[in-house]
Amino acid sequence: MTKNAEVARVLKEIGLFLEFEGKEPFKVKAYQRAVRSISALGEDVANLADRDDLTSIPGVGKGIAEVIKSYLTTGNVGVLDELRTRVPIKIMELDAIPGVGIKTIKLVYEKLGVTDLESLEKAANEDKLSKLPGLGLKTQDQIIEGIQVARSGLSRTLLADALSIATDIETQLRKLHEINQLVFAGSIRRRRETIGDIDILVEATDPKQVMSTFVTLRDVSSVSAHGETKSSVRLSSGIQVDLRVLPKDGFGAGLQYFTGNVDHNVKLRAIAQKKGLRLNEYGLFRGEDKIAGTDESGIYKTLGLDFIPPELREDKGEIEAAQNGQLPHLIELKDIRGDLHSHTDQSDGKNTIEEMLDAAQMKGYEYYCVSDHTQSLTIANGMDESRLLQRIEEIDTLNASGRWKMKILKGAEVDILSEGSLDIKDEVLSQLDLVTVSIHSRMKDNKKTMTERVCHALESKYVHILGHPTGRLLLKRSEFEIDLDAVFESAKQNNVVMELNAHPQRLDLNAGNLRAATRMGLKIAINTDAHWTTELDHMQFGVYQARRGWLTKNDVINTYPLKKMMSTIKK
DNA sequence: GCCGTTTTCGGCCCGACTGTTTTCAGTCG
């Protein structure tokens, strides 16, 4: 488990207290920037600290680096302790209430002695908030509602779920013939792994009609804003959806602006300023003249940049690369020629091998690997050697049948045991076309043990791919403790490919890991790990993640024709 | 507090919406 979330929380709290105390706004912003950076960091901030490289994180300079170091080594930060003593309130808890900001927190603390959710709720229920200057009955009601939202611990939503919710809203809105254009923006468009809220942009002949339809859609549980260009609702599922109406001649500018992320946009604006231009959500202007903004590409072009795919817009070097014509040509879904990790009902899959093959054939794949679990994973009905040998014969027969045009590859997802040995004998492994090894047990091993265990497994001359290398389940289980640099090094030595597991809940490796792996010259396999036929569709999420990791077609072995793919993994 | 194609000082994005204001402050993205 990385320290990133903890460190981000500490920095956020410091930022909030500084704002509370009325400190220099840009100092506050500096902390907020660092929080964003560290939350989105591809690797463990503790590793960067070990390497004494914290200031390589955008927005982290000497001062904040010291804060992080102090926290990581002692578990405490002096300045934060002082702030907490001076202002004894649960500032993070209060700030988590939608509609409540620092000014309100300060007001209720100073006037009513409110220090946490409970005391705020009590004050609201006793009708004390509405008596305060600047607040009224409506605000008080809003706060009462907001406290419930904060309590429900409103978390993020998987990309796949957010996309499906957004698509449902799109379908409902598209019934309005007033709508000319509709796109998803924000983190959905950047294809982040998880989504905070859903941003939808439309261009329409009758914005008012669109807005009133939007705020009355089924599933809308509350409306927090309803204006002419912006409306905001919360669905019964808890997720917030923002809809914005943009003018036709500024649609590209709005799309660029609302795609973000904020750090990317800030840097873009600075570039505009240096050219004597002004960039905002309505367009790119020279004086009063709009010189770009109808479409996004015009904005980037006018600023002297190549078009930056949304997945890269996180201020992680893409702007500089775009200035120098060095953006990667990112992989696309159509580049994928096969899936190298899938299950059947012989282990814990839900479909027969024939059903899986039919579904894979529909994808137009050139090859497809069947890789069921092995014996240690009893809960998944893992295969032992004799069943695996039968499976090998079965696939030979299926290949010979000619029913499927694609090549069916004989594989297995072999368990890595406690010492890094594998749970299938070498003489059986040697008969498989493709061996993926994965950790499914003892995930709480300490970093050293886990790293040695995985590295040892990679030394087997029958291993081709390391499956879901960090074992995380988004929003559910952290990655296990492992030194990925060492694993990558071992993979490099032993010609082992890293899996990018495309399951929406895994997306393992993450974008930062992928960049690090390919920088070391490793190859990646994007695999669905499908347990039933419809999960073969998860390939798209793997490709999104690959794009976020700056991967090109050449980085990914399952874009290769069969022969080249097989020779690439050959030991 | 951070940062550099106005580079070691002096900037740092800004507009929509709401509720409470009778001209604007707070929050959000």
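All heavy atoms count here, side chains included; hydrogens, waters and symmetry mates do not. These figures come from a predicted structure and were not determined experimentally.
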Pairs under 3.5 angstrom only: tabulate donor-acceptor contacts from the side chains of residues 504-511 of chain A to other protein residues two or more places apart or in another chain.
from     : atom 1 : to       : atom 2 : distance (Å)
A:Asp508 : OD1    : A:Thr470 : N      : 3.1
A:Asp508 : OD1    : A:Thr470 : OG1    : 2.9
A:Asp508 : OD2    : A:Thr470 : N      : 3.0
A:Asp508 : OD2    : A:Thr470 : OG1    : 3.2
A:Asp508 : OD2    : A:Gly471 : N      : 2.7
A:Asn510 : OD1    : A:Gly512 : N      : 3.0
A:Asn510 : OD1    : A:Asn513 : N      : 2.7
A:Asn510 : OD1    : A:Asn513 : ND2    : 3.4
A:Asn510 : ND2    : A:Gly42  : O      : 3.1
A:Asn510 : ND2    : A:Asn513 : OD1    : 3.4

Enumerate donor-acceptor pairs with a distance under 3.5 Å from any side-chain N or O in residues 98-112 of chain A to protein atoms, sequence neighbours excluded.
from     : atom 1 : to       : atom 2 : distance (Å)
A:Lys106 : NZ     : A:Phe20  : O      : 3.3
A:Lys106 : NZ     : A:Glu110 : OE2    : 3.4

Would you be so kind as to tabulate the donor-acceptor pairs closer than 3.5 Å made by side chains of residues 281-294 of chain A, with sequence neighbours excluded?
from     : atom 1 : to       : atom 2 : distance (Å)
A:Lys290 : NZ     : A:Asp249 : O      : 3.4
A:Lys290 : NZ     : A:Tyr282 : O      : 3.0

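Distance noted for atom C1' between B:dG4 and B:dT8: 9 Å (whole Å). Rounded to whole Å, the separation between the P atoms of B:dG11 and B:dA16 comes to 26 Å. Taking the C1' atom of each, B:dG26 and B:dT21 are spaced 12 Å apart, rounded to whole Å. B:dT20 and B:dG15 are spaced 25 Å apart, taking the P atom of each and rounding to whole Å. Rounded to the nearest Å, the gap between the C1' atom of B:dT22 and that of B:dT18 is 16 Å. Between B:dG29 and B:dC13, the distance separating the two C1' atoms is 12 Å to the nearest Å.
Regarding contacts with the backbone of B:dG29, a side-chain N or O of A:Gln240 is found under 4.0 angstrom from either OP1 or OP2.
Atom C1' of nucleotide B:dG1 and atom CG of A:Leu11 are separated by 11 Å, given to the nearest angstrom. When rounded to the nearest whole Å, the span between CG of A:Leu94 and P of B:dG26 equals 17 Å. Atom CD1 of A:Ile105 is separated from atom C1' of B:dA25 by 16 Å (rounded to the nearest Å). Rounded to an integer number of Å, the gap from A:Arg190 CZ to B:dG29 P is 13 Å. Atom pair A:Gln256:CD and B:dG29:P shows a separation of 18 Å (rounding to whole Å applied). A:Ile188 has its CD1 atom 15 Å from the P atom of B:dG29, to the nearest Å. Atom CG of A:Asp95 and atom P of B:dC28 are 7 Å apart (whole Å). Between A:Phe20 atom CZ and B:dG26 atom C1' there is a gap of 15 Å when expressed in whole angstrom units.
In this structure, the nucleotide among B:dG1, B:dT27, B:dT6 sitting nearest to the side chain of A:Lys27 is B:dG1.
Contacts classified as ring-ring contact (aromatic ring centres under 6.0 Å, His included) and involving residues 31-78 of chain A (residues at least two apart or in different chains) are not found. Judged as a salt bridge (charged side-chain N to carboxylate O under 4.0 Å, His left out), the pairs with a partner in residues 161-175 of chain A (not counting sequence neighbours) are, in order, A:Asp168-A:Arg218, A:Glu170-A:Arg174. Sorted by first and then second residue, the salt bridge (charged side-chain N to carboxylate O under 4.0 Å, His left out) pairs involving residues 88-102 of chain A (not counting sequence neighbours) are A:Lys12-A:Asp95. A salt bridge (charged side-chain N to carboxylate O under 4.0 Å, His left out) check over residues 197-209 of chain A, counting only residues at least two apart or in different chains, returns the pairs A:Asp199-A:Arg244. Sorted pairs that involve residues 73-83 of chain A and meet salt bridge (charged side-chain N to carboxylate O under 4.0 Å, His left out), not counting sequence neighbours, are lacking altogether.
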Footprint string (nucleotides 11-19 of chain B, 5' to 3'): B base within contact, S backbone only, - free, heavy atoms under 4.0 Å: -BBBSSSSS
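Residues from residues 305-319 of chain A placing a heavy atom under 4.0 Å of any atom in DNA chain B do not occur. For DNA chain B, no neighbouring residue in residues 116-133 of chain A is found when judged by any heavy atom under 4.0 Å.
The partner of B:dG1 is B:dC12, by the rule that a Watson-Crick or G-U pair needs both atom distances under 3.5 Å.
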side-chain hydrogen bond (donor to acceptor under 3.5 Å, both in side chains) between A:Glu66 and A:Ser70, intermediate numbers included: CA-CA 6 Å; A:Glu66 281 308 316; A:Ser70 162; over 6 Å; no
side-chain hydrogen bond (donor to acceptor under 3.5 Å, both in side chains) between A:Asp295 and A:Ser297, intermediate numbers included: CA-CA 6 Å; A:Asp295 57 69; A:Ser297 53; 2.9 Å; yes
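A salt bridge is defined here as a Lys NZ or Arg NE, NH1 or NH2 lying under 4.0 Å from an Asp or Glu carboxylate O, and A:Glu6 with A:Arg9 fails to meet this definition.
Nearest-nucleotide assignment on DNA chain B puts the 5′-proximal partner with A:Ile57, out of A:Ile57 and A:Ile102.
The salt bridge (Lys or Arg N to Asp or Glu O under 4.0 Å) test applied to A:Glu21 returns A:Lys23, A:Arg86, not counting sequence neighbours.
In this structure, A:Asn265 reaches neither bases nor backbone, as no heavy-atom distance under 4.0 Å exists between it and the strands shown. The residue A:Val28 sits apart from the nucleic acid: no heavy atom pair falls under 4.0 Å.
Checking A:Asp306 against A:Gln326 by side-chain atom types alone, no donor-acceptor pair falls below 3.5 Å.
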